[in-house]
Amino acid sequence: MPANGPRGGGGARSPGAPPPDATDKPPAGALSKGPVRSGLRGSDPDMLMLIAKRLLGAIPVLLGVSFVVFVALQLVPGDVARFILGYSATEENVQALREELGLNRPILIQYGIWLGNVLSGDFGRSIALGVPVTTVILDKIGASLLLMAASLFLVLAFGLGLAAIAGGHHRSKRDRVVVLFTLFCASMPPFWLGIVLLYVFGLQLRMFPISGMYDMANPGGWPDVLHHLVLPAITTAVSSLAIVTRVTRGRMIDVMTQPYILAARARGLSERRVVYLEAVRNVLPTYVGISGLQIGYIFGNAVFSEIVFNWPGIGLQLYQAIIQRDFPVVQGSVLAIAAVFVIGNLISDVLAKALDPRRSA
Amino acid sequence: MRDRLGGTGVRSAGGSERAVSTDPVVTVSGLTVDFETERGTYRAVNDVSFTIGRGEIVGLVGESGSGKSVSALALLGLVPKPGRLIAGQALFDGRDILAIPPREMQALRGRRIAYISQTPRAALNPSYRIGDQLDITLRACAPELTGTARSARALDLLSLLGFHEPARVAASFPHQLSGGMCQRVCIAMALAGSPDLLIADEPTTALDVAVQMQILAYLYRLRRETGVSILLVSHDLALVRSLADRVIVLYGGEIQEVGSVDAILAKPFHPYSQALLASVPDPSRRTDRLAYIEGYPAPVPPDATGCRFAGRCAMAVDRCRTERPNLRPAGADTRVRCHFTDVEGGRA
C-alpha cells in the first residue's frame with residue numbers, strides 16, 4: 001500500500017454524483033476500431049510489417065553465415081584436389097584439377113562465383129557423389145525435418161507441462177523434482193546421451209532399433225519410422241527441453257506473484273484453474289520465444305544424434321561431406337540449416353507477439 | 001437481487017439511513033498473524049477482534065504496514081507469504097472460516113466473501129478479454145449457469161456497473177480500459193456470486209479523484225440495494241468518513257480505537273487517531289506546513305510489550321513502553337487502547 005497520507009477531505013465526502021457518462025467510453029482511440037483480436041490475421045498491418053522486417057533482416061544473416069563457412073573451409077587442412085585424386089596422383093594432375101575447380105582464384109572471387117550461382121538456383125555439384133547439391137539436400141532434409149519436428153514436439157509438450165507444474169507450485173516437492181530433472185537434462189551432451197540410450201534401450205533392453213530410419217528386413221511404414229525416431233528425438237531434445245523448462249518455470253514463478261493471481265484466488269477459482277488457466281496463459285509469449293531460440297540448438301544436436309543413430313538426414317550428410325572435403329555440399333547444407341533456423345525464429349517471434357494482447361506496433 | 005441496483009444516488013453527506021442490523025455477518029476474535037522472514041519473526045496482526053454487522057460498512061484504517069491488508073486477506077484464507085496464521089477465529093455462517101479445509105474456503109471465496117483490490121488493472125488478467133474473465137469467474141461462482149446464461153449474466157453485471165456498451169467492454173482487454181473502468185469490472189466480478197461480505201482493499205487508491213467518487217457511489221449503492229456488508233480497508237480518512245458506519249483504527253497490528261465513524265472522526269481518543277486525523281489537510285485553512293506523524297511504524301516482534309505507538313507518541317510515558325494497554329470503553333460506543341483513557345474521565 002502506498003504511503004501517501006490521507007487525501008483532501010473535501011473531495012470524497014459526498015459521493016452523490018452518478019457516474020459521469022464520459023468515463024464509460026474507453027480511452028480515446030483504444031477501441032476506435034473495435035477490440036483488438038489476438039491471434040494471427042493476415043490483415044494485421046503490424047504483423048505483416050514484422051514479417052517483412054524479419055525477412056529482410058534474414059538476408060545479411062544468410063550471407064554472413066555462407067561467407068564465414070566459405071572462409072572457414074579454406075582453413076581446413078588438406079587440399080581438395082589432392083583428396084579427390086588420391087595420394088598417388090601426379091602434381092600436374094592435381095594442379096589441373098585445381099584449375100578446373102577454380103581453386104586457384106582468390107577467395108572473394110570464388111565466393112562471388114558461388115553466390116552468383118546460388119542466386120540463380122545452382123548450388124553446384126557434390127564432389128564426392130557427382131550429383132547436384134540441391135538433389136543431395138532435398139533428398140536428406142526431409143528426414144532431418146522429421147527428426148527436428150519430433151524433438152521440437154518433445155521440447156514444446158514437456159517444456160510447458162513441466163514448467164507449469166513446477167512454477168505453479170514453487171518450492172513444492174514436484175518443483176524440486178522438475179528442477180533436478182532439468183539439471184540432469186542440461187548436463188547431458190547429446191553424443192554421450194545418444195550412446196547411452198542406444199546401449200541401454202537398443203542393445204540391452206531391445207526396446208528400440210539402434211540405427212537408421214527403416215527396418216531394412218521388414219520395413220513397416222509410419223509406425224516403423226516412428227519406432228526408429230524415438231531414441232534420436234529424445235537425444236536431440238533433452239538439452240533444449242532443460243532450457244525451455246527452466247526459463248518458462250522462472251516466468252511462471254514471476255506470474256504467480258502477480259496481483260491478478262491473488263484476485264483470481266479471491267474470486268473462488270480452484271488452484272488448478274488459477275495455475276493452468278490464469279497463470280499459464282501469461283507465460284506463453286516467453287515460452288514460445290525461448291522455444292524458437294531452441295530451433296538452432298535442436299538442429300545442432302540433431303547432427304550428433306544423426307551420426308550416433310545413423311539417421312539419414314542432412315546432419316549426417318554434412319558430417320560425411322566435411323570428412324570427404326565435399327565443400328559444395330557443406331556450403332549448401334549449412335545454408336539450408338541457416339534458412340531453417342531463420343524461418344523457425346521468425347515463426348516463433350510472430351507467434352510470441354500474437355500471444356501478447358498488449359503488443360505494440 | 002442485483003436488479004434492485006438500478007436506482008441512483010448515494011448516501012447524502014449527513015448519512016441518515018444507517019439501517020444496520022445487529023446480526024453479525026462475521027465475528028473475528030483474536031486474529032494473530034506472524035511474518036517469518038529471514039531476519040526474524042514479526043507480528044503483523046496481533047489479537048485483532050471485531051464484528052461486521054449485516055449490511056454494515058466497517059472502515060479498517062491505518063497507515064502502510066499497520067496490518068490492515070493482512071487482516072483483510074486472512075478473512076479470505078489468503079494470508080500472503082511469508083505470513084502465517086498463529087491464532088484466531090472468524091465465525092461466518094456459524095463456521096470458523098480460519099479453520100475450515102481449503103476446499104471449503106475456496107467455495108466461500110467469490111460466492112459468499114468477495115474481494116476487490118487496490119490495483120484494479122493489475123487485478124485483471126492481462127491476457128484475457130473482460131468477457132472471458134467474467135465467464136471464468138461465473139464458472140466458479142455460479143456453476144449452475146449454462147454457457148449462454150453465463151454470457152448474458154456477464155453482460156448484465158457490466159450494465160449494472162454503468163457500462164452502456166457492455167458487449168464492447170466484454171470484448172476488450174484490461175489494458176484498453178481506464179483504471180476506473182477496471183475497478184468497475186472488478187466490482188462486477190465480485191458480484192458474480194451473491195456475496196454477504198465484500199472486502200474492499202483500498203478500492204480507490206489508484207484512481208483519480210473524480211473516479212474515486214464514482215466507485216464510492218457504486219459501493220454505497222451496492223450496500224443499500226443488496227444488503228452486502230463491506231470491510232473497507234483504507235488509509236484515507238475522508239473516504240472512510242464518507243462511506244463507513246464504524247471505524248477500526250489499526251496500528252502496529254493492533255486495534256487502537258474502534259467505534260462509530262461519527263464519534264471517532266469527530267472526537268478521537270487515541271493519540272494515534274488524533275494524529276491521523278490532524279494530518280488530513282484542511283482546505284479551509286491556509287498553512288505552510290502539513291501536519292504529520294514523526295517516524296515510521298517499526299516491525300514488532302511477537303513478544304513485544306508496551307503500547308505499539310509509544311515510540312511515536314507525543315504523550316508517551318514510561319508505563320506506555322513497558323505495559324500493553326487493554327482495549328477499554330471510552331465513550332458511548334467507542335473502545336480505545338491507551339493508558340490515558342483512565343485519567344480525565346476517559347478523555348486523553
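Proteins get letters first, then strands, A, B, ... in listed order; numbering begins at 1 in each.
One finds the OG1 atom of B/Thr119 at 9.5 Å from the CD atom of A/Gln258 (value rounded to the nearest 0.5 Å). Note that CD of A/Glu278 is 9.5 Å distant from CG of B/Leu124, once rounded to the nearest 0.5 Å.
Contact of B/Ile136 with chain A is made through backbone and side chain together, with heavy-atom distances under 4.5 Å. Heavy atoms closer than 4.5 Å to chain B are found in both the backbone and the side chain of A/Ser270.
For A/Tyr276, the OH atom sits in a packed shell: over 12 heavy atoms of surrounding residues, nucleotides or ligands are nearer than 6.0 Å.
Residue pairs that meet the side chain to side chain donor-acceptor pair (under 3.5 Å) test with at least one member in residues 134-143 of chain B, sequence neighbours left out, are B/Asp135-B/Arg139, B/Asp135-B/Arg150.
Comparing A/Leu269, A/Ile261, A/Val255 by heavy-atom pairs within less than 4.5 Å of chain B, the highest count is held by A/Leu269. With respect to chain B, the highest number of heavy-atom pairs below 4.5 Å among A/Leu277, A/Thr257, A/Leu284 belongs to A/Leu277. With chain A as partner, the option from B/Pro80, B/Ser127, B/Gly110 having the largest number of non-hydrogen pairs under 4.5 angstrom is B/Ser127. Across A/Arg273, A/Arg267, A/Glu271, the residue that shares the most heavy-atom pairs under 4.5 angstrom with chain B is A/Arg267.
Heavy-atom minimum distance, A/Ala263 versus B/Ala123: CB-O, 3.4 Å.
B/Tyr115 places no side-chain N or O within donor-acceptor distance of the main-chain N or O of A/Leu262, the cut-off being under 3.5 Å. Between the B/Arg111 side chain and the A/Gly268 main chain, no donor and acceptor come within less than 3.5 Å of each other.
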